[in-house]
Amino acid sequence: MGSSTVLRGKHHGPKWAGYSRTIHYEISGAGRIDYQYRNDTTEGGRGDAHPVVKIVTIDLGSH
């Protein structure tokens with residue numbers, strides 16, 4: 001099972017207005033995914049508020 005950590009430092013802050021700091025999800029022995037989320041964005045064609053997760057990086061190499 002993987003684990004998540006909120007990354008620190010200025011360069012891990014929100015890349016889009018209203019989004020979270022970068023979260024690092026460690027995939028057991030397989031790599032990592034860094035993402036940011038927002039619970040109530042109105043992005044998209046309909047304009048309704050909905051949650052969105054944006055992937056920042058995917059690294060499948062060894063650490």
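No continuous path of hydrophobic side-chain contacts links Val52 to Ile23 [ILVMFWY only; heavy atoms under 4.5 Å]. Both Val6 and Ile27 sit in one connected hydrophobic cluster of ILVMFWY residues. Membership requires side-chain heavy atoms under 4.5 Å apart, directly or through other members. Tyr35 is connected to Leu60 through a chain of hydrophobic side-chain contacts under 4.5 Å among Ile, Leu, Val, Met, Phe, Trp and Tyr, so both are in one cluster. When the side chains of ILVMFWY residues are joined at heavy-atom separations under 4.5 Å, either directly or via intervening members, Tyr37 and Ile58 end up in a single hydrophobic cluster. Residues Val53 and Tyr25 share a single hydrophobic cluster, defined by chaining ILVMFWY side chains whose heavy atoms lie under 4.5 Å apart.
Taking Thr57 as the reference, Asp34 meet the side chain to side chain donor-acceptor pair (under 3.5 Å) condition, with sequence neighbours excluded. Judged as a salt bridge (Lys or Arg N to Asp or Glu O under 4.0 Å), and not counting sequence neighbours, Asp48 has no contacts. When the salt bridge (Lys or Arg N to Asp or Glu O under 4.0 Å) test is applied to Lys54, the partners found at least two apart in sequence or on another chain are Glu43.
Sequence neighbours left out, the pairs with a member in residues 2-22 that pass ring-ring contact (aromatic ring centres under 6.0 Å, His included) are Trp16-Tyr19. The salt bridge (charged side-chain N to carboxylate O under 4.0 Å, His left out) pairs that include a residue from residues 5-16 number zero, where partners must be two or more places apart or lie in different chains.
We find the NE2-OG1 distance between His50 and Thr42 to be 8.0 Å, quoted to the nearest 0.5 Å.
Counted by atom type alone, Gln36 and Thr22 present one or more donor-acceptor pairs between their side chains at under 3.5 Å.
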